[in-house]
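Read the structure below first, then the notes.
Computation of the quantities below employed the complete heavy-atom set of this structure, encompassing side-chain atoms and omitting hydrogens, waters and symmetry-equivalent molecules.
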Amino acid sequence: MEQRIVICAPTGQDAALTARVLHSVGIGCSVCKDTRELVQELARGAGAVLLVEEALTGSGMSALATYIAAQPTWSDIPVLLLTHSGADSLEVQRAVENLGNVSLLERPVRTIALITAARSAVRARVRQYQVRDADQRKDEFLATLAHELRNPLAPIRTSMAILGHLHPASDAVLNLRHVVDRQVTHLTRLVDDLLDVARITSGKVVLKRAPVELKAIVNHAAEISSSIMQEKQHVLAIEQPEQDHVLHADQARLVQTVANLLVNAAKFTPEPGEILLKVAVSGDTVQFLVKDPGVGMERSSLSRIFDLFVQTPVAGQSSSGLGIGLSLARQFSQMHGGTISATSPGLGLGSEFILSLPVVMKNNPTPPADTSAKASALSATPTSQTRNPMPTSSDSQRKILVVDDNIDAANTLEALLSMDGFAVRIAYDGASAVKQVQADVPDAIIMDIGMPGMDGYDAARLIRQQPGADKVILVALTGWGQTTDKKRASEAGFDHHLVKPVDYDILLNCLALHLGKAGKDVGVATTS
């Protein structure tokens with residue numbers, strides 16, 4: 001943490017005298033000849049700024065104001081401004097308006113007053129650093145938590161698929177699989193929301209805008225919310241323009257935003273109920289209205305409903321969820337240049353949410369043909385009708401190596417792949433995987449990334465160096481699913497990057513793409 005005070009007093013002896021006083025009490029400082037050098041020093045880090053009002057004439061004010069306006073959200077650097085006695089000058093007034101955290105010290109300033117102000121400023125700055133570090137630790141914790149929660153979800157989903165193999169004709173087993181799959185999907189969404197919070201607060205979320213059909217957004221959001229709608233016996237009524245419109249937006253984030261509003265409405269509506277999604281287009285703006293006949297909200301709750309981790313208390317009901325979905329909806333709407341608002345006549349009288357986004361494109365250009373298809377494939381729910389098993393005869397049997405330090409995840413995936421006719425071996429760490437490849441090169445390797453010792457990236461690089469392993473299909477199956485993780489996987493030699501808990505049909509399709517087709521042709525989803 002940089003705690004020095006950066007001083008800018010280009011005329012007279014103020015800079016030298018101030019530096020001497022501060023050094024005498026153990027406060028580090030640096031002297032700058034003008035505001036240009038001051039801004040350069042601030043970029044290196046500082047505990048506070050001390051300057052005289054004469055330094056803010058001409059372009060001096062503009063340069064410093066621009067730097068301060070661009071501070072990260074955690075930063076509010078203290079500015080100590082030495083002023084002339086008497087009436088406030090125009091420079092002082094502008095400084096108070098444009099430089100944020102400003103404290104005025106009228107000259108001639110007493111030595112003890114200068115020391116006290118400097119110490120207070122540095123102490124306040126230290127607290128800002130502590131808040132920053134706490135936020136960073138929180139973000140790292142949420143990201144790690146999301147990864148760790150994905151790991152146990154993988155063997156749960158795989159085990160249920162094995163159960164379906166063992167009892168394909170049992171309605172009781174089928175119903176049980178549907179229950180578990182719905183809950184795993186719900187848990188996965190909660191995990192993804194946690195990770196999105198960490199990424200947004202650290203500034204790592206960047207919208208990937210592209211042309212996308214409005215109806216595709218509506219259909220996908222309705223599909224995501226369908227499980228909770230069915231569970232609570234709600235009816236979702238959709239009103240949308242007959243003419244389709246093309247939006248310039250991040251499809252995944254917009255779908256997530258609308259779906260969060262629908263899930264929120266379903267959650268707080270007593271069953272059974274009817275929820276309305278009304279979509280309207282006016283000029284360049286699309287408006288999504290979600291109206292429910294649910295528990296409603298008090299006026300005091302409306303002002304906080306979009307805050308992170310805030311949940312509206314409902315009489316007679318325990319709180320559910322994490323208080324993340326609506327906060328993410330607001331963040332994503334603002335990133336699209338839009339707004340989101342909530343209204344309610346009162347408790348027991350339902351709620352209405354309105355999302356408005358200026359993203360409608362003129363002339364309705366045709367979006368890329370594979371956009372919605374790929375999104376649907378990646379979010380598909382496993383069903384017996386879509387499965388694409390590989391050949392089971394010994395002549396065409398393919399060899400697969402499963403690598404995962406989670407023993408349950410490795411063993412259940414090995415069992416499921418074996419049922420589909422693959423010859424499967426297991427390694428529980430990266431080093432063992434490399435040794436097995438040296439002994440017998442498989443056709444494909446499905447490997448976890450976050451393993452102790454040798455991780456999946458290093459193991460993949462070493463495997464690619466083995467004789468005959470250049471054509472092995474490498475699939476990363478991991479709890480780390482950000483863009484940077486996918487890039488690292490590609491650079492390490494992986495052909496595909498799938499996030500736990502993976503849809504088993506998508507995994508099969510990735511293998512079928514390279515190892516040969518079997519059964520009916522199906523869409524192949526890749527994330528490489």
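Between Val246 and Leu214 there is no side-chain heavy-atom pair separated by less than 4.5 Å. Looking at heavy atoms from C-beta onward, Ile162 lies out of side-chain contact with Tyr504 at the 4.5 angstrom threshold. Taking 4.5 Å as the limit, every side-chain heavy atom of Glu239 sits out of range of all side-chain heavy atoms of Leu277. Within the 4.5 Å cutoff, side-chain heavy atoms of Arg330 are placed close to those of Asp307. Ser333 places a side-chain heavy atom less than 4.5 Å from the side chain of Leu357. Side-chain contact between His245 and Val286 is absent, with no heavy atoms from C-beta onward closer than 4.5 Å. Side-chain contact between Ile238 and Leu236 is present, with heavy atoms from C-beta onward closer than 4.5 Å. By the 4.5 Å heavy-atom criterion applied to side chains, Leu417 and Ile446 are counted as neighbours.
If you take CG on Asn151 and CG on Asn406, they are separated by 5.5 Å, rounding to the nearest 0.5 Å. For the atom pair CE of Met447 and CG of Asp405, the computed distance is 12.0 Å after rounding to the nearest 0.5 Å. Of the inter-residue distances, the one linking Leu511 atom CG with Leu513 atom CG reads 9.5 Å to the nearest 0.5 angstrom. Here CG of Leu262 is found 11.0 Å from CZ of Phe353. Values are rounded to the nearest 0.5 Å. Remark: Ile445 CD1 to Arg425 CZ distance equals 8.5 Å, nearest 0.5 Å. Here CG of Leu401 is found 5.0 Å from CD of Gln436. Values are rounded to the nearest 0.5 Å.
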Just do the side chain to side chain contact (heavy atoms under 4.5 Å, CB included) check on Val218 and Phe288 with the steps written out, would you? CA-CA 9 Å; Val218 173; Phe288 299 87; 4.2 Å; yes
If you apply the rule side chain to side chain contact (heavy atoms under 4.5 Å, CB included), what do you find for Gln287 with Leu355, and how did you get there? CA-CA 6 Å; Gln287 183 181 89; Leu355 169 68; over 6 Å; no
Does the side chain to side chain contact (heavy atoms under 4.5 Å, CB included) test come out yes or no for Thr478 and Asp485, once each step is laid out? CA-CA 10 Å; Thr478 172; Asp485 302 318; over 6 Å; no
Stepwise, does the side chain to side chain contact (heavy atoms under 4.5 Å, CB included) test hold for Leu477 with Val402? CA-CA 10 Å; Leu477 188 56; Val402 174; over 6 Å; no
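Not a single donor-acceptor pair under 3.5 Å links the side chain of Arg209 to the backbone N or O of Asp250. Checked by atom type and distance alone, the side chain of Ser225 pairs as donor or acceptor with a backbone atom of Ala222 at under 3.5 Å. Without hydrogens or angle criteria, Thr158 side chain to Ala154 main chain gives a donor-acceptor distance under 3.5 Å. At least one donor-acceptor pair under 3.5 Å links the side chain of Thr412 to the backbone N or O of Asp408. No side-chain donor-acceptor contact under 3.5 Å links His248 to the backbone of Met361. No donor-acceptor distance shorter than 3.5 angstrom exists from the side chain of Asp455 to the backbone of Met451, with no hydrogens or angles considered. Asp292 places no side-chain N or O within 3.5 Å of a backbone atom of Ala265 that could act as its donor or acceptor partner. Looking at Asn175, its side chain does come within 3.5 Å of a backbone N or O of Asp171 through a donor-acceptor pair. Between the His234 side chain and the Pro272 main chain, no donor and acceptor come within less than 3.5 Å of each other. With Gln466 contributing its side chain and Leu462 its backbone, the two residues share a donor-acceptor pair below 3.5 Å.
Side-chain atoms of Glu414 and Ser418 form a donor-acceptor pair, as typed in the model, at a separation below 3.5 Å. Asp429 and Ser432 share a side-chain donor-acceptor pair at under 3.5 Å.
Counting all heavy atoms, side chain and backbone alike, Ala460 lies closest to Phe494 at CB-CE1, 3.6 Å. Between Ser351 and Gly296 the shortest heavy-atom distance is OG-CA, 3.5 Å. The two residues Met297 and Ser344 have their closest heavy-atom pair at N-OG, 3.0 Å. Looking at every heavy atom in both residues, Leu515 comes nearest to Ala444 through CD1-CB, 4.3 Å. Nearest heavy-atom pair, Gly350 versus Pro345, reported as atom, atom and distance to 0.1 Å: O-CD, 3.6 Å. What you find for Val441 and Pro467 is that their closest heavy atoms are CG2-O, 3.7 Å.
Here side chain to side chain donor-acceptor pair (under 3.5 Å) pairs that include residues 334-343, with residues two or more places apart or in two chains, number zero. Screening residues 271-286 for side chain to side chain donor-acceptor pair (under 3.5 Å), with sequence neighbours left out, gives no hits.
Ionic pairing of Asp470 and Arg464 is not present here: no N-O contact between side-chain nitrogen and carboxylate oxygen is shorter than 4.0 angstrom. Between Asp443 and Lys471, no side-chain nitrogen of the basic residue sits less than 4.0 Å from a carboxylate oxygen of the acidic one, so the salt-bridge criterion is not met. Look at Asp458 and Arg461 and you find a salt bridge, because one of the NZ, NE, NH1 or NH2 atoms lies within 4.0 Å of a carboxylate O, short of that distance. One finds no salt bridge joining Arg398 and Asp420 here, because no Lys/Arg side-chain nitrogen approaches an Asp/Glu carboxylate oxygen to under 4.0 Å. Taking the charged nitrogens against the carboxylate oxygens, Asp448 and Lys500 do have a contact shorter than 4.0 Å, which makes a salt bridge.
More than 12 heavy atoms of other residues, nucleotides or ligands lie within 6.0 Å of NZ in Lys232, so this atom counts as buried by the packing criterion.
The residue from Val424, Leu507, Asp404 that alone fulfils the side-chain contact (heavy atoms from CB on, under 4.5 Å) condition with Leu413 is Leu507.
Residues forming a side chain to side chain donor-acceptor pair (under 3.5 Å) with Gln256 (at least two apart in sequence, or on another chain): Asp193, Asp196, Arg253.
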